[in-house]
Q: 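A single structure is presented below for examination.
Only this structure's heavy atoms are used, side chains among them; waters, hydrogens and symmetry mates stay out. Just so we're on the same page: letters track the sequence lines, and every chain starts at 1.
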Amino acid sequence: MIASLLAQAWTAPTIDWHAIAPELVLVVGINLVLLVDLWLDEAKKWAMATITGFVLLGAVIPVVTLAVLGGDVRDAIFDGRYVVDEYALILKALFLLVGYVVVLLSQNELEEGGYYQGEFYVLLLVSILGMVMMASSRDLMSVFVALELLSIPAYMMAAWRKRDVRSNEAGAKYYLLGVFASAILLYGMSFLYGTTGTTKLTEIGAALSGDLSAMQVFAVVFVIAGFAFKISAVPFHTWAPDTYEGAPTPVTAFLSVASKAAGFVALLTMLYLGLHGADEVHSPMIWVMAALTMTVGNVVALRQTNIVRMLAYSSVSQGGFILMPLAVMATSAAESALRAVVIYLLIYAFSNLGAFAVIIAVARKTRSGEISSFGGLMSYAPGLGLLMTIFLASLAGIPPLGIWIAKLQAFRALIDAGSTSAYVLAIIAAVNTVIAAGYYMRVLRQIWMAPVPDGDTTPIRPASSIWLALGITAGGTLVLGILPSLVLRFADLPDLTGALGR
Amino acid sequence: MNMETITTDNWILTVGTFLPLVGVLLMMFVPASEERTHKQIGIITSAVTAAVGVLTLIRFDFGRSESLQFFVDTEWISVIRSNYTIGLDGISLPLYFLSMIVTLLVMIYTWDNMPDAGNPKSFIMLMLVLQVGMAGSFIAQDLILFFVFFEVVLLPMYFMIGVWGGEQRQYASLKFFLYTMFGSALMLVAFLALFFQTGAESFSFAHLAEAGALIDRDVQIWIFAGMFVGFAVKVPMFPFHTWLPDAHTQAPTQGSVILAAILLKLGTYGFVRIAIPMLPQGAKAWAPVIGILAVIGIIYGALGCLAQTDMKRLIAFSSVAHMGFVMLGISTLTEFGINAALFGMVAHGLITGMLFFIAGSVKHRYHTLEINRLSGMLIQMPRLGWILGFSAMASLGLPGLAGFWGEFPAILSAYNPNFGLDETLYRVLMVIAALGTVLAAAYLLWLYQRTAFGRPNPEFDSHATHAVGAGVNDDHHGADIHDVTPIEWIAWTPFLIAIVVFGVYPQLMFDVMDPAVSALVERVGAGIP
C-alpha cells in the first residue's frame with residue numbers, strides 16, 4: 001500500500017528557473033543586504049545603497065535575457081497562474097528601474113538623517129519583489145500575496161522618519177486605510193472563488209459571463225473598490241495627500257509611482273483576464289471613478305501651496321487619466337485601452353520621479369516644501385530649472401515630452417470605443433488637461449518668473465546620485481516622447497491574453 | 001485632384017526645420033555670462049537656417065506647386081499609424097519661408113534690443129525652439145506630427161511673454177497658455193475622432209483628405225466643431241480673441257513680432273490645410289458661422305482700436321480685425337477667397353510685425369506707449385516717423401502695398417461664395433467688412449496723426465531739457481530719443497521691401513499659391529454632394 005502511494009506520489013512541478021530568475025535574484029539580494037547590514041560598520045553604511053542598486057540592476061539582467069530569448073514555453077509556468085510574457089517583462093523592468101532611481105534618491109536623505117539604512121533598503125527590495133511578482137500573477141492567490149508583499153513594507157517606509165509626527169501620521173493613515181482596502185478586496189475575492197469555484201483568473205473569466213448572480217456583482221464591486229484604494233482613485237483617495245506629504249520624499253516618489261503602478265497592473269490583470277465578462281458592473285463604476293478622480297484631484301491641486309502635496313493631488317488626477325481607458329476595456333477598444341494604461345504607467349514613472357528628484361535637490365538648499373521656495377530657480381540653478389520644466393511640462397501633457405503620447409493613447413482608446421459615454425469622458429478629460437496645466441504652470445512661473453524668495457542665490461550642488469537619477473528620468477521623458485515606438489510595442493493585448501487561450 | 005509627390009532633395013525640409021536645435025545645443029555649453037557669444041550664435045544659427053530656406057526656394061519646382069515637394073514619409077509611431085510625413089506645396093511655402101526670415105530678423109534686432117529682464121541665453125534658446133515648432137507645423141503632413149509641432153510653440157512663447165514681458169506679464173502669459181491649451185485639447189479629440197471615423201488607417205493628410213469626405217454630414221459637423229475651437233483660439237477669432245490683446249501688449253517686442261507674423265497663422269493655416277479639405281461638408285455647414293464671426297471680429301477689432309490709449313494694444317486689436325478679413329476669405333470656400341486669405345496671412349505678418357517692431361522702438365525711446373503723451377515723432381525722429389506712416393498705410397490696405405491684396409480680394413470674394421452658400425448673407429457680410437476698412441483707415445490715421453504730427457511733447461524734448469532745465473531737472477526724459485539705428489535698419493529693411501514688392505507685384509505670391517489652392521477647392525467641391 002505504501003509502495004503504491006509512493007508510486008503515484010507527489011512530483012515536483014517542473015520549474016523554469018530562467019523564467020523566475022528576476023525574482024530569485026531579488027530574494028537572494030534581500031538576504032544579502034540583510035546579512036551585510038548586520039556585519040557592517042556604522043561608518044560604512046553608505047555601501048548599503050550601492051549593494052541595493054547592484055541587486056536591482058542584477059535582477060534586470062534576466063529580464064533582458066528573457067525578453068531577448070523570448071519563447072512561448074515560459075508563458076505559462078505553474079499551470080498558467082504565473083506568466084512571464086512581454087507584458088510582464090516590460091513591467092518588471094519598469095519596477096526594477098523605478099526601484100533603482102528611488103535608491104539613488106534615498107541615498108543622501110538617509111545618510112544625513114541618520115536613518116536605518118540597512119532596514120530601509122531591505123524593505124524597499126521586498127516591496128519591489130512584490131511588484132515584480134504582481135506583473136506575472138494570474139491567480140487570485142498570487143495577486144493577493146504580491147499585493148500584500150508590496151504594501152506592507154511600504155506602510156513602514158512611509159513612517160520612516162519616526163520622530164516626525166507627520167511621518168507617523170502618514171504611516172498610520174496609509175496602514176489603516178490600506179488594510180481596510182485589503183480586507184474589502186479579500187472579501188470580494190472570496191465571493192469570486194465561492195461562486196466560480198476557482199482562483200485561476202482565466203477560469204474565473206470563463207465562468208463570469210452572461211447573467212451574473214447578485215453575489216458576483218458584489219464580488220466585482222468589492223474587488224474594484226479594493227484596488228481603487230491602492231491607486232488612490234476618488235472617492236478612495238483620502239489617504240494619499242497626507243501620506244505623500246508626511247512620508248520622506250523619496251518614499252513619496254516610490255509610492256506615487258511604483259506602488260500606484262503595481263495597483264494598476266493588478267487591476268489590469270483582474271479586468272482583462274477575470275472580470276471582462278462583468279463589464280456591465282465595472283465599466284460604469286470605472287467611468288465615474290475616472291471622471292471624479294481627474295476632476296477632484298485637479299481642482300484640489302490648484303489650491304495647494306506645498307509642492308509635495310500638489311504633486312500628490314496631481315498624481316491622484318493622473319491616476320484618473322490612467323483609469324480612463326479602462327472604462328471602455330470591454331468594447332472593441334480593449335487593445336488600445338490596455339496599451340494606453342501600460343504606456344501611461346511607463347512614461348508617468350519617468351516624469352514624476354524626475355519631478356521628485358528636482359524637489360529633493362532643491363529642498364536640500366531651501367529646506368522648504370513651499371512652491372514659493374522655487375522662486376527664481378532659473379536664475380541660480382538653470383540646469384535644475386530646465387529639468388523641472390521638462391518634467392512638469394511632460395506631466396501637463398505638452399508634446400514632445402513623454403506623457404503627451406500616453407495622454408494621446410488614452411484619448412485614442414476612448415474615441416476608438418466611439419460610444420457617447422466615451423466621448424463625454426474624453427471631453428471631461430480634455431477640460432481637465434487644461435486645469436492641470438494651470439497648476440503645473442504655476443510652479444514653472446515661480447521657477448522662471450518670480451524673484452528668489454530670500455535673495456539667497458548660492459548655487460545648488462546635488463549629489464552625483466541625484467544627477468544620475470535626473471539623467472535617467474529626463475532621458476526617458478524626452479526619448480519616449482519623441483520616439484514612443486520604442487516601448488509601444490510591448491503592450492499588445494495578445495501577449496496578455498493570447499497565451500492563456502482567452 | 002493631384003496627389004502626386006516629389007521626393008527630390010528630401011533632406012532639405014528636415015534640415016531646415018531642425019537646424020535651430022543645433023544652435024540650442026551649442027548654447028547649452030556656453031556660460032550665460034557670455035552674452036555676445038549667445039547673440040552671435042543666435043544670429044548665425046538663424047541665418048544658416050534662413051539660407052537653407054533660400055535654397056528651398058531655389059529648389060522648389062514652381063511649375064508644380066500644387067504637389068507636395070521634398071516629400072518624406074518614414075515610419076514614426078507605427079502603432080498608432082502616425083508617420084513622419086513632411087512636404088511643402090504652394091500653400092505652405094510662403095509661410096515656411098516667412099517663419100525663417102522673421103526669426104532671423106528678430107534675432108538681429110535682439111542684438112541691440114534685449115528686453116529688460118536680460119539673460120539672452122534663455123531668450124535666444126527659446127526663440128530657436130519656437131522656430132522649430134513654427135517651421136515644423138508648416139511642413140507636417142501628418143496630423144499627429146502637426147499636433148506635436150503646433151504644441152512645441154506653446155511653452156517657449158509662454159516663457160517669452162512671462163519672463164521678458166511687461167508689467168502684467170504673468171497674467172497675460174497664463175491666459176495665453178490656458179486658452180491655447182484648451183483649444184488644442186479639443187482639437188486633439190477632434191483629430192482622433194476624424195482618425196477613427198475614417199477607418200483608423202492613417203493620420204496622413206492625403207489619406208484623411210480623401211477619406212474624411214466620406215464621413216456622414218452630422219459627424220463631420222461635430223468633428224469640425226472641435227477643430228474650429230482649436231484653430232479659432234489660435235487665429236484668434238471673436239469670441240476667443242481675448243487672450244490676444246493681453247499677450248501682444250505684454251510680450252516683449254520680439255515675442256509680439258513672432259506672435260503676429262507667424263503664430264497666429266498657425267490657426268488660419270490649420271483651417272485651410274486641415275479642417276476644410278478633410279471635412280468638406282462640415283466646412284460648408286460652418287462657413288456662415290465663420291463668416292459672421294469673422295465680420296464681427298473685423299468691426300469689433302476696429303472699434304476696440306478706436307478705444308485704445310496704448311499704441312501696442314491698438315496694434316493688437318488691429319490684428320483681430322485683420323485676421324477677420326483672412327477668415328472671411330476662407331469662409332467663402334472660393335479659390336479667390338482662400339488665395340486672398342493666404343496672401344493676407346503673409347501680408348499681415350509683414351505689416352503687423354513691422355508695426356510691433358516700431359512700437360518696440362518707440363517704447364525703447366520714450367519709455368511709454370501712451371498715445372496721448374506721444375506727438376511730433378516726425379520732427380524728433382523723421383525716419384522712424386516715416387516708417388510708422390508707411391506701415392500704417394500698408395496696414396489700412398492702401399493699394400500698391402501688400403495689405404491691399406489681402407483685404408480687397410477677401411471682401412470681393414464674399415460677393416459670390418462657393419458651393420451654394422447663402423449669397424444674401426455673404427453680401428451683407430461683404431458690405432459690413434467693407435465698412436471695416438473705413439474704420440481701419442480711421443483708427444490708423446488717427447493713431448498716426450496723434451503720434452507723428454504736431455510738436456514734440458515738451459516732456460520728451462531733449463533740447464529743451466538740456467537748454468532750460470539743465471541742473472534743475474536731471475531727469476532726461478528725452479535722453480534716449482534718437483532716430484533709426486543701423487541694427488534696426490538691417491532688421492526692418494527686408495520687411496519694408498517685401499511690403500512694397502508684394503504690393504506692386506502680388507502675382508509673385510499668387511502664382512505660387514493658386515495651383516495648390518485650386519486643387520484644394522476642387523477637392524472640397526468633390527466632397528460636397
Side-chain angles (χ1 to χ4, degrees), chain A residues 333 335-336 339-340 343 378-379 382-383 385-386 389-390 392-393 396-401 404-405 407-409 411-418 423 426-427 429-438 440-442 444-450 481-492, chain B residues 28 31-32 75-82 117-119 121-122 125-126 132-133 136 144-145 147-155 158-165 169-170 173-174 177-197 200 222 226 229-230:
Chain A
E335 198 170 340
S336 346
R339 192 179 288 133
I343 292 309
M378 207 60 200
S379 64
L386 186 65
T389 308
I390 291 175
L392 292 183
I398 297 169
L401 301 165
W404 81 273
I405 184 72
K407 284 221 161 93
L408 179 77
Q409 285 286 333
F411 279 118
R412 186 177 185 268
L414 285 180
I415 289 162
D416 194 358
Y423 269 104
I427 302 281
V431 173
N432 268 300
T433 314
V434 184
I435 304 178
Y440 293 125
M441 286 303 123
R442 207 154 52 111
L444 291 187
R445 216 160 67 192
Q446 287 290 335
I447 292 176
W448 284 74
M449 303 168 200
I482 295 167
L483 297 170
S485 293
L486 291 177
V487 290
L488 273 175
R489 66 182 193 88
F490 285 110
D492 284 335
Chain B
M28 274 189 183
E75 212 167 78
W76 180 39
I77 315 179
S78 51
V79 183
I80 61 170
R81 311 260 162 78
S82 170
N119 196 354
K121 181 180 181 178
S122 312
M125 279 164 86
L126 288 175
V132 175
I144 297 298
L145 190 65
F147 178 75
V148 170
F149 280 124
F150 193 81
E151 297 286 289
V152 163
V153 168
L154 209 54
L155 266 189
Y158 169 73
F159 289 127
M160 265 175 100
I161 299 173
V163 178
W164 289 274
R169 56 181 183 270
Q170 299 208 358
S173 59
L174 193 64
F177 191 88
L178 293 183
Y179 262 80
T180 321
M181 189 91 185
F182 176 72
S184 47
L186 286 185
M187 188 174 84
L188 181 62
V189 174
F191 282 179
L192 290 170
L194 178 64
F195 172 70
F196 283 107
Q197 292 291 336
W222 276 106
V229 175

Q: Considering only heavy atoms, which portion of F191(B) lies under 4.5 Å from any heavy atom of chain A: side chain, backbone, both, or neither?
A: neither

Q: Please confirm whether the backbone N or O of A200(B) pairs with a side-chain atom of R81(B), one donor and one acceptor, at under 3.5 Å?
A: yes

Q: By a 4.5 Å heavy-atom criterion (distance strictly below it), what part of L414(A) contacts chain B: side chain, backbone, both, or neither?
A: neither

Q: Which region of I427(A), side chain (C-beta onward) or backbone (N, CA, C, O), has a non-hydrogen atom less than 4.5 Å from a non-hydrogen atom of chain B, or is it both or neither?
A: side chain

Q: Mind checking ring pair (Phe, Tyr, Trp, His ring centres under 6.0 Å) for Y440(A) and listing every partner two or more places apart, or none if nothing turns up?
A: none

Q: Just wondering, do F159(B) and I447(A) contact through their side chains at under 4.5 Å, heavy atoms?
A: no

Q: Roughly how far, to the nearest 0.5 Å, is CZ of F150(B) from CG of L188(B)?
A: 11.5 Å

Q: Would you mind telling me which of M28(B), Q170(B), Q197(B) has the largest number of heavy-atom pairs within less than 4.5 Å of chain A?
A: Q170(B)

Q: Without swapping roles, check the side chain of W448(A) against the backbone of M378(A) for a donor-acceptor pair under 3.5 Å.
A: no

Q: What option among F182(B), F195(B), Y158(B), W164(B) has the most heavy-atom pairs under 4.5 Å with chain A?
A: Y158(B)

Q: With a 4.5 angstrom heavy-atom cut-off, which part of S184(B) approaches chain A: side chain, backbone, both or neither?
A: neither

Q: Between L178(B), I80(B), V189(B), which shows the greatest number of heavy-atom pairs under 4.5 Å with chain A?
A: I80(B)

Q: Return the option, out of L186(B), L155(B), T180(B), with the maximum number of heavy-atom pairs under 4.5 Å with chain A.
A: L155(B)

Q: For the side chain of W76(B) and the backbone of P484(A), is there at least one donor-acceptor N/O pair under 3.5 Å apart?
A: no

